[in-house]
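As the structure lists them, so they are numbered: ligands from 1, and atoms in each ligand from 1.
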Amino acid sequence: MRNVKKISFLLMMMLLLTVMAGCGSSTVAQLEDGVFSGVGQGHNAEIQTEVTVEDGKIKDIEVISHKETPVLSDSIFGELKDMMVEHNSTNIDTVSGATITSVGFRNAVRNALEQAGATDEYLEQGKKISLRFGVADEEKEYDVVVVGAGGAGMIAAIEAKSQGVNVAIIEKNPFVGGNTLVSGGEFNAPNSWVQELMGVEDSVEQYIEDTLSGGDYEGNEELVRIMAENISADGEWLRDYVEVEFIEDYLMHFGGHSVPRAIYPIGGSGIELIQKLERKVHEMEIPLYTKTKANDLIVDENNRVIGVSAENPEGNMINFYGTNGVVLTTGGFGANLEMVQKYNDVIDDRYKSTNQKGATGDGVYMAQEVGADVTDMAFVQTYPTCNPLTGHLSYVADTRFDGAILVNKGGERFVEEMDRRDVISEAILAQEDTFGYLMWDETIRNNSNMDSYLTEFENLEKYGLVVKADTIEEAAAFFEIDAETLKSTIERYNGFVEKGEDEDFQRRGNLAALKEGPYYIQQVTPAIHHTMGGLRINGDAQVISTEGEWIEGLYAAGEVTGGVHGKNRLGGNAISDLIVFGRIAGRNAAQ
Ligand code: ADP
């Protein structure tokens, strides 16, 4: 009797398993072999992929077209593709810091698989696979370890390597670039080759004066002088050694500078800079450990910094020893609202952030643990004209420098458009709906750099953040702006342009009338942009302790440091700072 029970139990189990297996195969259908195309919405435009299915499995994925930020997207697409092929699944985690691009890619692949017969169940089957992390899995020893692969970090590493030492970079993101990648990439340089070509008279002293006065004389003059004296030669190094390409006959004239002096990389963004730096890092065979987050500095018994302990995302701690030194180039803390508020209580969650996710102030925390001093921490710069959905800095909104006016929902101007970034930011937030509306006409558009930013324009248009219309009324209606008042504001402003004087807000620079349709209105909001404060360094990029001494073995450069910009950083000075001090830090750490 017992045995019969056992047998029937076994039979039942087998039956059940057969039914379950049957269920599985009916929902999770086999894919059809072939090559299938699919699209998904990325950050800037649609991402188009071609997916090859072989033996019912994902064999290969190719991105046919996209407009995502190049450096970012190359690593993200590569990363996701490898995981999808390996696991024959699209149920993969998104890449942190690049969610929209990741989702866009995933949807493009899913869309292609749907053509191959995939059902929703098929696409969602299984547990979500987390991205494989961490290349480093043991103790590593180098002469110099650089933490953070933004502009300052890659420059420091290249410089150290060119001095003949062994250097490695660790970077917590799966991609390089940091805030430098999403910046405009321009840098100020007095007496540069471009100024010479264009016949612009300038001097190191004038640049120092502009920088100090722009920062309300709170900046450290010694550091500013070092930046001003070195940047032109360092810019040539970047051009000749790293092969960054610049527009040879164009200079940006940012607010607060006496003359145009910002050299402009091709494409008008940090992409050119970062792509060429990354290429050089690879050419020089500098190990670059991405997805590796530095947590603590390692010190010896004499409190000398000899390395950094980092976590690969499998959770393993790895010690990276830098026997000569460690260079902190972890960027600022503009993506860490809590930290911003710790030092500055004016900024609250009405502000978005232009910063990439990695800008969380890690370097400051790590260095403070070993006794480092900080400076200027309360000085946080906001940027007034950002994308209200994402917080990204809007380059389309640079029409402000070409004559666009800023109005509110009532159709009235409310601030001088060329005022300081903090003043304009607060003025925008004081408006009833906390938005500003930037308005320009076709003539201003044609005098601007808009052609470099068409993708951003299309993207803004898609999300209803900019409108192009034949008449003022039509443009105003799109954002429910009071059209009658707007028309009289424009009429009054055009009168000022004719007189050559803005009687309402004393706007500086050239005034441009708004007369010729189509008209454009863009909705903008302020966001946290740059943290001027950070680690106290000396002219050798050595990190100084609260006791006023160099913490041996520790160097820092770029936005993680404080002192150069004082209360307010002038446009184009972040890159000048990171180039000069990145090189100094790399050179000194190598010795
Ligand atoms: P900078 O302009 O000073 O070069 P960026 O913002 O361009 O600064 O670059 C800083 C880089 O440092 C970013 O890529 C960021 O992800 C990286 N980073 C920040 N914190 C850490 C950390 N704890 N470990 C490794 N990398 C980090």
Side-chain angles (χ1 to χ4, degrees), residues 69 71-72 75 95-98 133-134 136 145-159 168-187 269-271 273-274 277-278 281 288-297 307-313 317-318 320 326-336 339 353-369 528-535 537 541 555-565 569 572-586:
T69 311
V71 182
L72 268 174
S75 358
V95 177
S96 139
F133 289 113
V145 174
V146 175
V147 185
M154 288 200 282
I155 286 174
I158 291 168
E159 181 65 35
I169 313 177
I170 60 177
E171 163 59 53
K172 72 176 172 184
N173 276 333
F175 40 81
V176 299
N179 276 346
T180 311
L181 180 69
V182 292
S183 76
E186 312 93 348
F187 66 93
S269 85
I271 297 170
L273 214 62
I274 290 298
L277 285 170
E278 189 184 15
V281 162
L288 170 63
Y289 299 96
T290 53
K291 295 167 286 179
T292 303
K293 179 176 179 288
N295 279 347
D296 295 290
L297 292 167
V308 57
S309 83
E311 185 184 349
N312 74 10
M317 296 306 296
I318 296 141
F320 288 84
V326 169
V327 182
L328 291 175
T329 48
T330 47
F333 53 98
N336 183 345
M339 186 168 175
S353 176
T354 64
N355 286 225
Q356 59 90 19
K357 259 187 156 178
T360 44
D362 303 11
V364 170
Y365 285 127
M366 278 188 272
Q368 278 183 318
E369 286 289 312
I528 297 167
H529 184 48
H530 189 94
T531 46
M532 271 75 71
L535 299 174
I537 54 164
Y555 302 83
E559 201 178 342
V560 70
T561 68
V564 172
H565 310 289
R569 178 182 64 78
N573 269 0
I575 308 287
S576 302
D577 174 10
L578 71 82
I579 296 171
V580 170
F581 287 99
R583 280 195 87 189
I584 292 176

Applying a 4.0 Å heavy-atom criterion (strictly less than), which segment of T329 is in contact with ligand 1: side chain, backbone, both, or neither?
backbone

Examine the side chains of T360 and K172 and answer whether a donor and an acceptor come within less than 3.5 Å of each other.
yes

Number the atoms of ligand 1 from 1 as they appear, then name those within less than 4.0 Å of a heavy atom of L578, with their elements.
2 (O)

What's the verdict on side chain to side chain contact (heavy atoms under 4.5 Å, CB included) for I170 and F320, showing C-alpha distance, side-chain angles and the deciding distance?
CA-CA 9 Å; I170 60 177; F320 288 84; 3.6 Å; yes

Please identify which atoms of ligand 1 are closer than 4.0 Å to at least one heavy atom of G177.
7 (O)

Provide the number and element of each atom of ligand 1 under 4.0 Å from a heavy atom of N173.
16 (O)

With heavy-atom distances below 4.0 Å as the criterion, list the atoms of ligand 1 near G558.
3 (O)

Can you tell me how far CG of N295 sits from CE of M317, rounded to the nearest 0.5 angstrom?
4.5 Å

Considering heavy atoms of the protein only, find what lies nearest to atom 25 (C) of ligand 1 and give residue, atom and distance to 0.1 Å.
K172 N, 3.2 Å

Ligand 1-proximal atoms of D362, by part, heavy-atom distance under 4.0 Å
side chain

For E559, the ligand 1 atoms whose distance to one of its heavy atoms is below 4.0 Å:
3 (O)

Does ligand 1 have an atom that lies less than 4.0 angstrom from a heavy atom of G151?
yes

Residue, atom and distance of the protein heavy atom nearest atom 9 (O) of ligand 1 read G150 CA, 3.3 Å

E311-T292 side chain donor-acceptor pair, cut-off 3.5 Å:
no

Taking only non-hydrogen atoms of N355, do any sit less than 4.0 angstrom from ligand 1?
no

In this structure, atom 16 (O) of ligand 1 is nearest to the protein heavy atom E171 OE2, 2.6 Å

Criterion side-chain hydrogen bond (donor to acceptor under 3.5 Å, both in side chains) against N173, the qualifying member of K291, Q356, K357, K293:
Q356

Just which atoms of ligand 1 are under 4.0 Å from any heavy atom in V147?
24 (N), 25 (C)

Nearest protein heavy atom with distance in Å, relative to atom 5 (P) of ligand 1:
N179 N, 3.4 Å

Kindly indicate, with the supporting measurements, whether the criterion side chain to side chain donor-acceptor pair (under 3.5 Å) is fulfilled by H529 and N355.
CA-CA 6 Å; H529 184 48; N355 286 225; 5.1 Å; no

Closest non-hydrogen protein atom to atom 19 (C) of ligand 1, residue and atom name please, with distance?
T330 O, 3.3 Å

Logged contact type for N295 with ligand 1, heavy-atom cut-off 4.0 Å, is neither

Tell me: protein heavy atom nearest atom 8 (O) of ligand 1, and distance?
G331 CA, 3.4 Å

How far is atom 2 (O) of ligand 1 from its nearest protein heavy atom, and which residue and atom is that?
T180 OG1, 3.1 Å

List every atom of ligand 1 that sits less than 4.0 Å from any heavy atom of Q356, numbering the atoms from 1 in the order shown and giving each element.
13 (C), 15 (C), 16 (O)

So if I count the atoms of ligand 1 from 1 in the order they appear, which ones are less than 4.0 Å from some heavy atom of G148?
11 (C), 12 (O), 17 (C), 26 (N)

Nearest non-hydrogen protein atom to atom 24 (N) of ligand 1, with distance, is A294 N, 2.9 Å

